[in-house]
2 protein chains.
Amino acid sequence: MLSVEAAERENLLDKIRMLVLGGDFPPGAVVPEAFLAQEFDVSRTPVREALKQLQHEGLVEIRPKVGTFVREPTRREIIELFQIKESLEGLAASLLARRGGTTELSALRLNLEDSEAAVLTDDTEAYARLVHEFHWTIVRGSDNLKLVEHYGRLMNQLAYQRLVLRTVEHPGRLAASTREHRAVLEMIEHKDPFGAEAAMRNHVHASSREALTEPVQSLRN
Amino acid sequence: MLSVEAAERENLLDKIRMLVLGGDFPPGAVVPEAFLAQEFDVSRTPVREALKQLQHEGLVEIRPKVGTFVREPTRREIIELFQIKESLEGLAASLLARRGGTTELSALRLNLEDSEAAVLTDDTEAYARLVHEFHWTIVRGSDNLKLVEHYGRLMNQLAYQRLVLRTVEHPGRLAASTREHRAVLEMIEHKDPFGAEAAMRNHVHASSREALTEPVQSLRN
DNA sequence: GACTCCCTTCTTGCATGCAACATAAGCTGT
DNA sequence: ACAGCTTATGTTGCATGCAAGAAGGGAGTC
């Protein structure tokens with residue numbers, strides 16, 4: 001399908017994105033092309049292309065003739081992105097409910113069981129992974145490839161992993177979140193698009209408020 | 001704000017996008033980097049970066065080691081994109097209604113008057129422009145910069161201009177569309193977020209069905 | 001001591017050269 | 001005539017070289 005070089009390039013973009021998202025660089029720090037080029041043993045040209053793409057994704061800012069800087073989303077941007085997240089995931093839930101994809105439904109049921117187990121054992125790391133999987137399963141289950149694509153862009157911008165780790169620290173949030181997931185799943189099982197959309201939006205809205213209540217250092221700008 | 005080089009590069013990207021969207025190249029035709037480089041009197045490198053970006057926007061497809069091809073959205077993709085459009089514009093209308101931006105409101109009122117005049121005189125070209133302006137005014141009026149950004153990406157993928165020109169050809173659609181615009185505006189004026197979202201989604205849905213009913217050559221794939 | 005100017009250094013932006021690969025045409029043998 | 005192979009061409013992918021600009025530091029001056 002994809003030639004070897006293309007796959008390598010994808011990997012390069014992903015690798016650089018991981019490096020940026022992973023927090024290995026302090027926010028606002030400069031990321032020289034030459035360093036990345038040496039790090040991944042390629043020329044500056046493919047690194048440039050990848051950084052250009054990351055700029056369009058909003059993860060870095062390229063100041064012309066100055067340098068490439070890791071860009072931390074501002075609090076306002078996080079609010080804005082969560083509004084879009086709410087809308088898109090609502091759409092995804094609605095589409096999945098209308099479609100009634102059986103494989104996704106069973107995956108979601110399984111996910112919910114695992115999530116409840118993780119809540120009981122207080123396994124926040126597993127829970128974070130399951131939440132991620134739950135949302136992505138619904139989006140993919142919408143059977144709308146363009147939606148999947150745009151959703152991926154959105155999530156990249158949100159630097160989601162850092163945030164979700166923060167929300168799960170709130171006491172009681174895990175249980176509440178799981179209840180909301182169950183509500184969404186039930187609406188989808190009943191093939192109720194409007195109900196599913198409403199439940200999903202309600203859930204995302206609640207989770208966004210949780211993610212934003214904590215005044216964290218990296219969100220103070 | 002933007003340095004000269006950055007502005008030039010933006011212009012280069014926009015210029016190439018216009019060329020691709022403008023239909024100067026037959027869909028599926030190859031667009032060699034070297035040609036564009038000579039056309040705009042730059043090296044292949046910035047052309048490459050621009051094409052790379054256009055690929056991520058979904059307008060062209062770069063087959064490795066083969067060439068760059070103009071990519072026409074399939075009918076399925078258009079349906080998918082319209083679903084997202086409905087969701088995002090619904091969000092925008094909702095946000096604008098909640099906010100109650102006065103400058104946007106007056107702009108929309110003026111737009112509606114002009115639109116009705118264009119309907120009476122059957123000026124389809126002016127109407128297409130006004131429709132475009134109406135929707136963008138609402139999206140910008142949401143005061144959500146990230147939404148504006150994502151919406152722009154979406155519209156680029158839809159190759160909107162070609163489609164809107166097609167919808168206005170349907171008899172009676174102009175008047176119906178204007179009525180729907182008025183409904184949206186009234187909901188926003190009443191500061192009714194839910195009503196505004198519903199009206200907007202209804203409008204987009206109707207317009208998408210119009211855009212998709214016509215079996216046009218370029219949409220047959 | 002503070003301010004201004006220049007210069008050094010680091011970064012990106014672009015042009016160009018070369019290699020690799022995919023595709024298609026031509027050639028040869030059957 | 002046709003199938004398989006070879007070759008020719010066109011394209012992208014990447015490496016490298018060079019120039020231009022921006023930021024910071026240091027020297028000189030008031």
Side-chain angles (χ1 to χ4, degrees), chain A residues 1-20 24-72 221, chain B residues 1-20 24-72 221:
Chain A
M1 232 38 85
L2 277 145
S3 80
V4 181
E5 289 89 21
E8 288 291 331
R9 274 193 91 307
E10 287 294 326
N11 285 343
L12 177 65
L13 175 60
D14 286 346
K15 278 191 279 190
I16 295 182
R17 189 190 287 116
M18 288 303 169
L19 230 65
V20 172
D24 297 349
F25 296 94
V30 57
V31 183
E33 297 174 356
F35 170 78
L36 294 175
Q38 189 176 358
E39 182 77 9
F40 296 114
D41 197 50
V42 291
S43 155
R44 273 181 49 215
T45 308
V47 171
R48 266 185 75 68
E49 290 181 3
L51 286 178
K52 196 87 185 154
Q53 179 55 28
L54 289 184
Q55 181 187 34
H56 280 282
E57 289 182 9
L59 270 70
V60 302
E61 177 187 1
I62 302 176
R63 299 233 293 272
K65 305 279 188 175
V66 177
T68 306
F69 301 85
V70 177
R71 202 175 168 300
E72 196 80 355
N221 42 355
Chain B
M1 228 60 201
L2 278 146
S3 79
V4 181
E5 288 90 21
E8 289 291 332
R9 273 195 91 308
E10 287 294 327
N11 284 343
L12 177 65
L13 176 59
D14 286 345
K15 278 191 279 189
I16 295 181
R17 189 190 288 116
M18 289 302 168
L19 229 66
V20 172
D24 296 349
F25 295 95
V30 58
V31 183
E33 298 173 357
F35 171 77
L36 294 175
Q38 189 176 358
E39 183 76 9
F40 296 115
D41 197 51
V42 291
S43 157
R44 274 181 49 215
T45 308
V47 171
R48 264 184 78 66
E49 290 180 3
L51 286 178
K52 195 91 184 152
Q53 179 55 28
L54 289 184
Q55 182 186 34
H56 280 283
E57 289 182 8
L59 270 70
V60 303
E61 177 187 1
I62 301 177
R63 300 233 293 274
K65 307 278 191 175
V66 177
T68 305
F69 301 86
V70 177
R71 202 174 168 303
E72 196 82 353
N221 43 356

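Computed from a prediction, not measured in an experiment: that's the story for all the values here.
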Nearest-Å distance for atom pair CZ/P, residues B/F69 and D/dG10: 15 Å

What's the CG-C1' distance between B/L51 and D/dT12, to the nearest Å? 11 Å

Closest approach to the side chain of A/V66, judged atom by atom: which nucleotide of C/dA15, D/dA23, D/dG13 is it? D/dA23

Without decimals, in angstroms, what is the distance between B/R63 CZ and C/dT23 P? 7 Å

Which value, rounded to the nearest 0.5 Å, describes the distance between A/L59 atom CG and A/E72 atom CD? 9.5 Å

Grab the CG-P distance between A/L13 and D/dC14 for me, whole Å please. 12 Å

Compare every heavy atom of B/L51 with every heavy atom of B/V60, then report the nearest pair and how far apart it is. CG2-O, 3.8 Å

Nearest-Å distance for atom pair CG/P, residues A/N11 and D/dC14: 12 Å

Which parts of residues 32-41 of chain B get close to DNA chain D, meaning a heavy atom less than 4.0 angstrom away? B/P32, B/E33

Where is the tightest heavy-atom contact between B/L13 and B/A50, given as atom of each residue plus distance? CD1-O, 3.6 Å

With the side chain defined as heavy atoms from C-beta on, A/P46 is closest, among D/dT12, C/dC14, D/dA15, to D/dA15

For a quick test of reading the model, state the closest non-hydrogen atom pair linking B/V47 to B/L12 and the distance between them. N-CD2, 4.3 Å

Could you go over nucleotides 16-19 of chain C and give all protein N or O partners under 3.5 Å, atom names and distances?
| from | atom 1 | to | atom 2 | distance (Å) |
| --- | --- | --- | --- | --- |
| C/dT16 | O4 | B/T45 | OG1 | 3.4 |

Is A/Q53 close to B/K52 at the side-chain level, that is, under 4.5 Å between some pair of heavy atoms? no

With side chains defined as the heavy atoms from C-beta onward, is the minimum distance between B/V31 and B/L19 less than 4.5 Å? no

Please name all residues satisfying side-chain hydrogen bond (donor to acceptor under 3.5 Å, both in side chains) with B/R44, sequence neighbours left out, ordered by chain then number. B/E33

Is B/R17 close to B/E57 at the side-chain level, that is, under 4.5 Å between some pair of heavy atoms? yes

Looking at A/R48, I'd like to know whether one of its side-chain N or O atoms comes within less than 4.0 Å of OP1 or OP2 on C/dT12. no

What one should report as the nearest heavy-atom pair of B/V20 and B/V70 is CG1-CG1, 4.0 Å

